[in-house]
Amino acid sequence: MAMDKQWFADMEAKIPHGKVRTRFAPSPTGYMHVGNLRTALYTWLIARNAGGTFILRIEDTDQGRLVEGATDVIYRTMAECGLTHDEGPDVGGPVAPYIQSQRRDTYGKYARLLVELGHAYYCFCEKTESEEDSGEFDRADDPCRDLTPEEVEAKLAAGLPYVIRQRIPHEGTTTFHDVSFGDITVENKDLDDQVLLKRDGLPTYNFANVIDDHLMGITHVVRGSEYLSSAPKYNLLYRGFGWEVPTYVHCSPVMRDAQHKMSKRHGDPSYEDLKEQGFLTDAILNYVALLGWSPKGEKSEQEFFTLQELAEAFDLAGISKSPAIFDMEKLTYFNANYLRGMEPAAFAKVAEPYIRKAVTNPAYDAAEIADLLQARCEKLTDIPEKVDFFDALPEYGVELFTNKKSKTDAQVSLDMLEKTLPVLAALPDWEQDTIHDTLIALAEQLGVKNATLMWPLRIAIAGKAVTPGGAVELCRILGREEVLRRMEIGINKLK
């Protein structure tokens, strides 16, 4: 029995036209890995560069892989990254709903329409669930492909379970075009009759994304290069329905090294992991943008971009078909640059939780400590071990007092500390300029280099060879009483 064509005409009438429309369509399966984040970023950048529309669609038809709370992770990550969507489950839009499981009836109707158009067929064969998902079976041996309409109707009337499979032509070739890879032609005989609609009435990914992309007016489809092999079957679906094929943008994988793709199973970080490791969202986004894309023209040498600058510069021609290797050192370099470029107050705000992991004494001002750290910090997680000496002087050995460059050894250090202690104790006020000028004057009076006096003082009050800030800044923050106490400990160690 022929289907009601008016319903399909009404669906066509809803489709927005006239400008670029892109979509990010994640599955809520747990976390946002780097490849997913890059796909989200590129689809957002394509839309924003063209003044188009960016859509968030949740692809939850694979019910067995869904993870509770994963949709919240998607929303939170997108919001943190500034990848605002114009249409989606939470904001609505002209082609709602934007959650695939809520579009279930739509897929069934289009699958049956495709059967009517001769590009799909009912299959009543007993197949395993995995075969239904993948379409991996010997097409030539499937008797259902050649069932007569009367045989099909009889089996449907008898209530036999079925899937709907794509009817791939046995002859000829299919050619599709990709922005990065150009024209690719495949022999149709090498393609399988993939499952479009499963026995539970839900579509496979390969069918649902074609239907949704068309009905949502998607003009540019960004996905991983692992889907290149499926693209001919997508093209045949578009042609079967008589629809325009969108622009394909297949991105090569993000690699851990030259041989291995990044994988959560192998401990490679997700976006949330990178945040926990002390990387800033802006640095992560900037670095991820350059994993497979490079700017052209006057910006070709530019490394650092705001999100708005990326949107202005982003060009499909800059996407590479070569795999990109994720380099943690390079990301760290980006992060350090972003940390140093922050306004001091903004840095102090993001640094404070990390400072307070090690400096619990409220007498010490976190903002003052942050001021010492900003130029010396690559990741926020570096902070606690850099500042733990504020709360408690660590155990240290007298060998730290020996420094060739500063011309100090144990004896010189003892002499410097014994002569510095009463001078600091007698200061009229404990301000940084006063401390600085007094110590410089004392070094001149003693006839030694500034470093010869400052090195032992810094070791005595911090117990570390490397500290954020020098002796003067540390003295100021620690306070007179604590400085004198620690100097006396140092003197006793050296004696």
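Looking at Y333 and E378, their side chains never bring a donor and an acceptor atom within 3.5 Å of each other. No side-chain donor from either of Q100 and D60 sits under 3.5 Å from a side-chain acceptor of the other. Side-chain contact of E59 with Y205: a donor-acceptor pair under 3.5 Å is absent, judged by distance alone. Inspection of the S270 and D273 side chains reveals an N or O donor paired with an N or O acceptor under 3.5 Å.
E303 pairs by the salt bridge (Lys or Arg N to Asp or Glu O under 4.0 Å) definition with K330, not counting sequence neighbours. In terms of the ring-ring contact (aromatic ring centres under 6.0 Å, His included) criterion, residue partners of Y364 (sequence neighbours excluded) are, by chain and number, F390. In terms of the salt bridge (Lys or Arg N to Asp or Glu O under 4.0 Å) criterion, residue partners of R103 (sequence neighbours excluded) are, by chain and number, D212.
When the options I461, L474, V359 are evaluated for a side-chain contact (heavy atoms from CB on, under 4.5 Å) with F389, the one that passes is L474. A side chain to side chain donor-acceptor pair (under 3.5 Å) with S406 is found for one member of T408, N403, T402 and no other, namely N403.
No side-chain donor-acceptor contact under 3.5 Å links W455 to the backbone of K405. In terms of modelled atom types and a separation under 3.5 Å, the side chain of W44 and the main chain of M78 share no donor-acceptor contact. Using a distance-only test at 3.5 Å, with no hydrogens or angles considered, a donor-acceptor pair links the side chain of N335 to the main chain of G278.
Summarising the geometry, atom CE belonging to M487 is positioned 5.0 Å from atom OG1 belonging to T420; distances are rounded to the nearest 0.5 Å. Here the straight-line distance linking atom NZ of K296 with atom CG of L316 works out to 11.5 Å at 0.5 Å rounding. If you take OH on Y75 and CD1 on I58, they are separated by 5.0 Å, rounding to the nearest 0.5 Å. Atom CG of N337 and atom OG1 of T332 lie 12.5 Å apart (nearest 0.5 Å). In this structure, CG in L290 is found 12.0 Å from OG in S320, a value given to the nearest 0.5 Å. The CG atom of L424 lies 8.0 Å from the CG atom of L442; values are rounded to the nearest 0.5 Å.
For residues 36-55, the salt bridge (Lys or Arg N to Asp or Glu O under 4.0 Å) pairs, not counting sequence neighbours, are R48-D86. For residues 457-477, the pairs satisfying salt bridge (Lys or Arg N to Asp or Glu O under 4.0 Å) are E368-R476, D388-K464, with sequence neighbours left out. Here salt bridge (Lys or Arg N to Asp or Glu O under 4.0 Å) pairs that include residues 413-437, with residues two or more places apart or in two chains, are D415-K419, E418-K495.
The pair D213-R57 counts as a salt bridge, with a side-chain nitrogen and a carboxylate oxygen less than 4.0 angstrom apart. Between E272 and K275 there is no salt bridge, since none of the side-chain N atoms of the basic residue sits less than 4.0 Å from a carboxylate O of the acidic one. Between R486 and E482 there is a salt bridge, since at least one side-chain N of the basic residue sits less than 4.0 Å from a carboxylate O of the acidic one.
Centroid-to-centroid, the aromatic rings of Y287 and F326 come within less than 6.0 Å. Not less than 6.0 angstrom separates the ring centroid of F54 from the ring centroid of F24.
Under a cutoff of 6.0 Å and an axis angle of 45°, K493 and Y396 form a cation-pi pair. Geometrically, R223 engages Y248 in a cation-pi contact defined by less than 6.0 Å to the ring centre and at most 45° from the axis.
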